[in-house]
Engineer: 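This is the structure I have questions about; it appears just below.
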Amino acid sequence: ALVPFSTLGWPAKTIEQDLFLPSTVLVTGYDIIFFWVARMIMMTTHFTGKVPFGHVYIHGLVRDSHGHKMSKSEGNVLDPVDLIDGIALQPLLDKRVTGLRKPETAPAIRDATKKEFPQGIPGYGADALRFTFAALATYGRTINFDLKRADGYKNFCNKLWNAARFVLMNTEGMAAPAGQLAPATEAERWILTRLGRALADVEAHFATYRFDLLAQALYEFTWNEFCDWFVELSKPALNGGDAAAAASTRHTLLVVLETLLRALHPVIPFITEEIWHEVTPRLGIERDTISVERYPRAQELPADAAAEGEIEWLKSVLTQIRRIRSEMNIAPTKPIPLLFTGGNAADRARATKFASPIEFLARAESQHWLESGETEPAAAAAILGELKLLIPLAGLIDIEAEKARLAREITRIEGEIEKSTAKLERFGPNTPAAVVDQEKQRVTERASQVTGLRDQLAKLASL
């Protein structure tokens, strides 16, 4: 929790008005507010006439995975150094049974430790541990520490490292540009827009001391949008014949990575410092350390809502194609024919614009629009609004398996329609019109999806 002193009866003055001493933030657990924090405030105010802290950041108590308070005398402490470097089982056992308040509990503590850590504790590294505690820093009073969270953030650090390797391999030998390169592709404008949105969230979470939400915002942008999507979306430009698009994409990869490293540095300082020194020479940045670099600001990045909408459409198409591949057990590397039907003018324009990325990223050996009156072949289908994507099944999949998949999907969507209909029935006269309209729109869209899927199921049933 973040407690402003104005809520405690202190004058509503700012730090600039000289109410507080230079050290203006205290970080503490809630269990010692009375024993230490209150006394420090009273003593400092008495002797100096000033309040010692502008804010008190109160965090929860870190407990073990069973919710018990960690105590060396109880034998359930996890030493941060052991989490960073790792420790074998025997040294861990020796450490946990030393200095017990009740020595007779040593056998039980040994057994519990062997059960919980049969191989000892692997090393997670300082960055993964630091990120873990940032992600756990909620407003709750208790934090039950689970090593699986640390394992997940170790994977996050590895993900960032691998993405950096991709960027560095594709920009090897690249000289720093003479000036700022304007992004040449919509994928570049999309990632810069998304980075700006993420940084805006980060700034808001820093201001309110919500380190858990800050860690989540950085995690989601890094893992989902940069490492997963932009790395993939950059490949058609990097491997295409447009030299200007390739050069611009390489530059944007470096710019986004360098900006992201500065944003992540307070949370994972070691890996970001290491990667930053490899990235900066290619951008013409000549400084000693990332730790004194200016923190990135959202307003410094361009925003392009139009490009964002275009790329979100492309992502939806690729996601649906990959979903069909996964569900129908079609190998990711196997070329597929792709058909479009329905849709509106915007869908047709986008399909034409993104034909090359779709071919490259979806392994689409052909792309064709079915005109009005053309018979749809037996195909795996996905519905995106008015647009239907079809992957002809001949020689690709098990027909019966696809029929079962369509039946499951119809059942799922019908369940969503029932939920939305029930919501509409519960809405009263005071329900905002926008909420009612949104729910009605969902019913309409889902009904259209069911109709399209039923048509597809009927075609398969006739085979």
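Heavy atoms only: backbone and side chains are in, while hydrogens, waters and symmetry mates are out. Counting begins at 1 with the first residue of the sequence.
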Engineer: Would Glu225 and Trp190 count as having a side-chain donor-acceptor pair, cut-off 3.5 Å?
Structural biologist: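 No donor-acceptor contact under 3.5 Å links the two side chains.
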Engineer: Looking only at non-hydrogen atoms, find the nearest pair between Glu439 and Leu424 and report the distance.
Structural biologist: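 Here Glu439 and Leu424 meet closest at CB-CD2, 3.8 Å.
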Engineer: Between Lys315 and Glu232, does at least one N-O distance fall below 4.0 Å, as a salt bridge requires?
Structural biologist: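 Answer for the salt bridge query: no.
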Engineer: Using modelled atom types and a 3.5 Å cut-off, is there a donor and acceptor pairing between side-chain atoms of Asp127 and backbone atoms of Ile271?
Structural biologist: yes
Engineer: Hey, is the main chain of Asp304 close enough, under 3.5 Å, to the side chain of Thr193 for a donor-acceptor pair?
Structural biologist: yes
Engineer: Taking Thr444 for its side chain and Lys440 for its backbone only, find out whether a donor-acceptor pair lies under 3.5 Å.
Structural biologist: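 Yes; judged by distance alone, with no hydrogens or angles, the pair exists.
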Engineer: Quick one: does Tyr295's side chain get under 4.5 Å of Glu203's, heavy atoms only?
Structural biologist: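 Sidechains of Glu203 and Tyr295: no contact.
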Engineer: Parallel, tilted or perpendicular: which fits the ring planes of Phe211 and Tyr57, with parallel below 30° and perpendicular above 60°?
Structural biologist: perpendicular
Engineer: Does the side chain of Arg282 come under 3.5 Å of the side chain of Thr171 through a donor N or O and an acceptor N or O?
Structural biologist: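 Judged by distance alone, the side chains do pair up.
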Engineer: So does Phe206 have more than 12 non-hydrogen atoms from other groups sitting under 6.0 Å from CZ?
Structural biologist: yes
Engineer: Between Glu409 and Arg412, does any NZ, NE, NH1 or NH2 come within less than 4.0 Å of an OD or OE carboxylate oxygen?
Structural biologist: yes
Engineer: Can you tell me if CD on Glu278 sees more than 12 non-hydrogen neighbours from other groups inside 6.0 Å?
Structural biologist: no
Engineer: Parallel, tilted or perpendicular: which one describes the rings of Tyr209 and His55, with boundaries at 30° and 60°?
Structural biologist: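 Ring orientation, 0 to 90° scale: tilted.
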Engineer: Look at the aromatic rings of Phe226 and Phe221 and report parallel, tilted or perpendicular, splitting at 30° and 60°.
Structural biologist: parallel
Engineer: Please determine whether side-chain hydrogen bond (donor to acceptor under 3.5 Å, both in side chains) holds for the pair Glu273 and Thr289, giving the CA-CA distance in whole Å, both sets of side-chain angles, and the decisive distance to 0.1 Å.
Structural biologist: CA-CA 7 Å; Glu273 179 82 32; Thr289 174; 2.9 Å; yes
Engineer: Quick one, Asn76 and Lys69 - any side-chain contact, counting heavy atoms below 4.5 Å?
Structural biologist: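 No, side chains not in contact.
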Engineer: Which pair of heavy atoms, one from Ile417 and one from Ala447, lies closest together, and at what distance?
Structural biologist: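 Reported closest heavy-atom pair: CD1-N, 3.7 Å.
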Engineer: How about CZ on Arg165, more than 12 heavy atoms from neighbouring residues, nucleotides or ligands closer than 6.0 Å, or not?
Structural biologist: no
Engineer: Just checking, is any N or O donor in the side chain of Arg446 or Gln449 under 3.5 Å from an acceptor N or O on the other one?
Structural biologist: no
Engineer: Does Tyr219 reach the side chain of Tyr153, with side-chain heavy atoms less than 4.5 Å apart?
Structural biologist: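 Answer yes - side chains close enough.
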Engineer: Less than 4.5 Å apart, side chain to side chain, heavy atoms only: is that true for Leu233 and Thr249?
Structural biologist: no
Engineer: With distance as the sole test, does Asp347 use its side chain to make a donor-acceptor pair with the main-chain N or O of Asn344 at under 3.5 Å?
Structural biologist: yes
Engineer: Tell me if the CD atom of Glu274 is crowded by more than 12 foreign heavy atoms within 6.0 Å.
Structural biologist: no
Engineer: Hey, are Arg189 and Glu310 close enough for a salt bridge, meaning a charged N less than 4.0 Å from a carboxylate O?
Structural biologist: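 So Arg189 does not pair with Glu310 through a salt bridge.
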